2 protein chains.
Amino acid sequence: MQLSDEHYMQQALREARLAGEEGEVPIGAVVVMNGQIIGRGHNQVETLNDCTAHAEMIALTAAFNTLGSKYIMDATIYVTLEPCVMCSGALYWSKIGRVVYGAQDEKNGYRRVTGATSPFHPKTKIEHGLFAEECLQLVKDFFAARR
Amino acid sequence: MQLSDEHYMQQALREARLAGEEGEVPIGAVVVMNGQIIGRGHNQVETLNDCTAHAEMIALTAAFNTLGSKYIMDATIYVTLEPCVMCSGALYWSKIGRVVYGAQDEKNGYRRVTGATSPFHPKTKIEHGLFAEECLQLVKDFFAARR
């Protein structure tokens, strides 16, 4: 059964909420191939005391483990926030087929650094805007509650 | 005792050779703080079946674990090859004080994508060229042997 992009972004949002419950900036991601979620992750920077433990990195490594493959050309990652430079570089190496992110991140998104040059693999399709408001509101609420 | 940059880059080269012996592209890194190596790593992309398992990512995570801190402002990373986009993004998040890399990487180095915009933290000092020839030759020999 092929479920919709909306379904999978809701799964990414669920991961984001898990992060928030753990005191982490609420960002979540799922990697999907052939209608199956093959990797999930949420931000765990504080929990793991590791500034590289972003949702995408964790979801990607889970996907590689699931498949026993270090490339995932036929997969899509759904992530609630625009990937940072590190995560866009990781997605490049993975040769992932499609990146769907929710909200843009003007401060830490990859575009701030890479400008007009795409950091992704030439064959990777990039889309954004799905549940953007919901994705961003989670992050805004998180920081508002801490002020 | 404070040892020289040359000493630590030789340690990074040692890590790179370990990678080569394991059938990995020979790239190595060490993270140093107050004269102590607090993290080491070599490329393990094939071994771990994970395209994000670069020398720098492994050395950084080791350093965070050693210190119990996710920022390493007072540390230097020595890496044999110019970091890729992913690793430069990871180094950004770490707020590392200094990045010393050996050889430039025209194909996969961060500069190809980031152009004139530095992907690193504004306070991070970047140097390169230390044992550049030796660092690059290791990689060249690796690929020559596989052709």
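Just so it is clear, the model here is predicted, and its values are computed rather than measured. In what follows, chains carry the letters A, B, and so on, assigned in the order in which the sequence lines appear, proteins first and then strands, with residues in each chain numbered from 1. Below, all heavy atoms of this structure are taken into account, side chains as well, without hydrogens, waters or symmetry copies.
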When only pairs under 4.5 Å are counted, which of [options] shares the most heavy-atom pairs with chain B?
{"options": "A:Ala116, A:Cys84, A:Ala53", "value": "A:Cys84"}
{"options": "A:Thr114, A:Leu60, A:Asn108, A:Leu48", "value": "A:Asn108"}
{"options": "A:Thr61, A:Leu91, A:Leu67", "value": "A:Thr61"}
{"options": "A:Ser118, A:Ser94, A:Pro119, A:Gly89", "value": "A:Gly89"}

Check: At a heavy-atom separation under 4.5 Å, does B:Ser69 approach chain A through its side chain, its backbone, both, or neither?
Finding: backbone
Notebook entry, point to check: Which atoms of B:Tyr92 come close to chain A, meaning under 4.5 Å heavy atom to heavy atom: side chain ones, backbone ones, both, or neither?
Noted result: side chain
Next item on the list: Begin from the C-alpha positions of A:Glu56 and A:Ile96 and carry the test side-chain contact (heavy atoms from CB on, under 4.5 Å) through to its verdict.
Entry: CA-CA 12 Å; A:Glu56 301 95 312; A:Ile96 198 162; over 6 Å; no
Next item on the list: Output yes when B:Arg17 and B:Glu134 qualify as a salt bridge under the 4.0 Å nitrogen-oxygen rule, no when they do not.
Entry: yes
Next item on the list: Salt-bridge test for A:Glu133 and A:Lys140: reply yes if a basic N is under 4.0 Å from a carboxylate O, no otherwise.
Entry: no
Margin query: Determine whether a donor-acceptor pair (N or O, by modelled atom type, separation under 3.5 Å) exists between the side chain of B:Glu24 and the backbone of B:Thr47.
Written below: yes
Notebook entry, point to check: If you take all heavy atoms of B:Gly41 and B:Ala59, which pair is closest and at what distance?
Noted result: N-CB, 3.8 Å
